[in-house]
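The next block holds one structure in the form of structure tokens; read it before the comments.
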Protein chains: 2
Amino acid sequence: MTNRDKLLDATFIEVYKHGYSGASTAAILKSAKVPKGSMYHHFSSKKELVLGMVKERLIPKVRESFYIELHETSRAVDILNYLFKKISKNEMLVKHGCPLHKLMFEMGTLDDEITELCHNEFVFLTDNLTLILDLGKQNAEIIEKDSKSLAEFIIISSWGALSRSPNHSSKEQFLKDTKHIMDYIKI
Amino acid sequence: MTNRDKLLDATFIEVYKHGYSGASTAAILKSAKVPKGSMYHHFSSKKELVLGMVKERLIPKVRESFYIELHETSRAVDILNYLFKKISKNEMLVKHGCPLHKLMFEMGTLDDEITELCHNEFVFLTDNLTLILDLGKQNAEIIEKDSKSLAEFIIISSWGALSRSPNHSSKEQFLKDTKHIMDYIKI
DNA sequence: TCTACAATAGACCGACCAGTCTAATAATAA
DNA sequence: TTATTATTAGACTGGTCGGTCTATTGTAGA
């Protein structure tokens, strides 16, 4: 593994744990076992390092949990149940929330570029979910609502459900929350 | 206004804007126009200052938006519509999210005491909302669901709705999100 | 082999961090 | 008045911050 890869991995963990402000370059370098000169060779600043981490680590990871390829034969309700179940099995997500949501929330007041990058991914995820909901409406599985607004609501409320205090969040708790979403959207 | 009060006010703003890690004592002192010795006279550390701010500023402010006294004659649906409307009119909340949610989310990985204090307030708010929903069920205004779970879902998804990127959040957007909640819970 | 550039390595820098210290002043009680 | 305590005031400290600098090493082409 190259030093660049080690840096991106370590940055993901440090920023997820301590936030952007709380993540120090020293801690990232120590955890990655990479010298400082190497980091500033690959990235011009801490911000650029984090931008790279979002593009090459955070977004791919989030898609693993919140994105699913649509097939003509798919059933929308099945897809959603599958996604929620998969998310609920990811202990990291359940305990500490969606890393994209967490970073976007923190950076909202600190940096427009990082915030926008996160927001674009939110749009990508909702666009995908919108297609799934449209399919569900065609199949008469899902209530007749504006699909895009509904998709946004599902993601934003899932993120809310994942952002409870770590000591009081659990797989069961999350599934209870998403049950409300499913009860709402199913016909 | 005493220096202690000035400090708590400034701490609320700085922590809301920059998060706990990003809020420096120097910035707080400058904004409050209070010397350092005065701060460390009233509070033994930055953490104690923030704990005081949560108890004496953040929690009261959050209750203004998310808490409502219950009266026997109240209609649950009216109360919720009123609360959502009031929240939507608070530009600060709509743009930058619920400060309680934001702090709890950040501190989840950093400090148990602050996280717990925030979580306790989440419990307080849900307990209050649970009573309102119970009343709504009695009046046959609201679907038959576990009131506590429903109350938690309403608050957590409202917080999610408020935690969108500031450049893409608006009063209208928030009301669209909460419309889904209302459509779900109303009979 | 020589050349040129990419990457590694870490000492070093000024700025800023939370927190300490001592001194001065205001308020209160005897 | 005097003694005592609460509060204000800010200079100062050791450590950490993001970032710079120079030197060295690895690597690929001529």
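Chain identifiers are assigned alphabetically (A, B, ...) following the order of the sequence lines, protein sequences preceding nucleic acid strands; residue numbering begins at 1 within each chain. Quantities reported herein were computed from a predicted structural model and do not represent experimental measurements. Side chains are part of it too, since the values below use all heavy atoms of this structure and drop only hydrogens, waters and symmetry mates.
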By nearest nucleotide on DNA chain D, pick out whichever of B:N3 and A:T25 is the more 5' one.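 The answer here is B:N3.
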What ring-ring contact (aromatic ring centres under 6.0 Å, His included) pairs are there with at least one residue in residues 116-151 of chain A, not counting sequence neighbours?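 Of all non-adjacent pairs touching residues 116-151 of chain A, those that pass ring-ring contact (aromatic ring centres under 6.0 Å, His included) are A:Y67-A:F124, A:H119-A:F122, A:H119-B:H168, A:F122-A:W159.
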Under 30°, 30 to 60°, or over 60°: which ring-plane class applies to A:H101 and B:H101, parallel, tilted or perpendicular?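 A:H101 vs B:H101 ring planes: tilted.
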Give me the ring orientation class for A:Y184 and A:F153: parallel if the planes are under 30° apart, tilted from 30 to 60°, perpendicular past 60°. perpendicular
Taking side-chain hydrogen bond (donor to acceptor under 3.5 Å, both in side chains) as the definition, give me every residue that meets it alongside B:T115, ordered by chain and number, with sequence neighbours left out.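 Counting only residues at least two positions away or on another chain, B:T115 forms no side-chain hydrogen bond (donor to acceptor under 3.5 Å, both in side chains).
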Only counting residues at least two apart or in another chain, list the ones meeting side-chain hydrogen bond (donor to acceptor under 3.5 Å, both in side chains) with A:D183. A:K179, B:K145
So, B:E64 and B:K86, do they make that salt bridge, N to O below 4.0 Å? no
Taking NZ, NE, NH1 and NH2 as the nitrogens, is one of them in B:R164 or A:E152 under 4.0 Å from a carboxylate oxygen of the other?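 Looking at A:E152 together with B:R164, the answer is yes, because their closest N to O distance falls below 4.0 Å.
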I need the residues from [range] with at least one non-hydrogen atom less than 4.0 Å from DNA chain D; give them sorted by number, or say none.
range	value
residues 46-54 of chain A	A:K46
residues 34-45 of chain A	A:K36, A:Y40, A:S45
residues 103-110 of chain B	none

Which pair of heavy atoms, one from [X] and one from [Y], lies closest together, and at what distance?
X	Y	result
A:S158	A:F174	O-CE1, 4.0 Å
A:G97	A:Y16	O-OH, 2.6 Å
A:S38	A:V34	CB-CG1, 3.6 Å

Among all residues two or more places apart in sequence or in another chain, which pass the side chain to side chain contact (heavy atoms under 4.5 Å, CB included) test with A:N167?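 Listed in chain order: A:S165, B:D112, B:E116.
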Around atom [atom1] of [X], are there more than 12 heavy atoms of other residues, nucleotides or ligands at under 6.0 Å?
X	atom1	result
A:E48	CD	yes
B:K47	NZ	yes
A:K148	NZ	no

Under 3.5 Å, which protein N or O atoms sit close to an N or O of nucleotides 22-27 of chain C? Give each pair with its distance.
none

For chain A, the stretch of DNA chain D it reaches, first to last nucleotide, under 4.0 Å of its heavy atoms: D:dC17 to D:dT20
Side-chain donor-acceptor distances from residues 49-59 of chain B under 3.5 Å, at least two apart:
unit_1: B:E56; atom_1: OE1; unit_2: B:R4; atom_2: NH1; d: 3.0
unit_1: B:E56; atom_1: OE2; unit_2: B:R4; atom_2: NH2; d: 2.8
unit_1: B:R57; atom_1: NE; unit_2: B:D9; atom_2: OD1; d: 2.5
unit_1: B:R57; atom_1: NH2; unit_2: B:D5; atom_2: O; d: 3.4
unit_1: B:R57; atom_1: NH2; unit_2: B:D5; atom_2: OD1; d: 3.1

May I ask you to list the residues of residues 5-23 of chain A, by number, that have any heavy atom positioned under 4.0 Å from an atom of DNA chain C? none
Does one side chain, of B:T109 or A:K102, offer a donor that lies under 3.5 Å from an acceptor on the other? yes
Backbone N/O of A:I87 and side chain of A:S65: donor-acceptor pair under 3.5 Å: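 No, A:S65 side chain to A:I87 backbone: no donor-acceptor pair under 3.5 Å.
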Write down the distance between NZ (A:K30) and P (C:dA9), rounded to a whole number of angstrom.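 Atom NZ in A:K30 sits about 18 Å away from atom P in C:dA9.
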Can you list the residues that meet the salt bridge (Lys or Arg N to Asp or Glu O under 4.0 Å) rule with A:K61, with sequence neighbours excluded? none
Just checking A:S24: base, sugar-phosphate only, or nothing, at a heavy-atom cut-off of under 4.0 Å?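 A:S24: backbone/sugar contact only, no base atoms under 4.0 Å.
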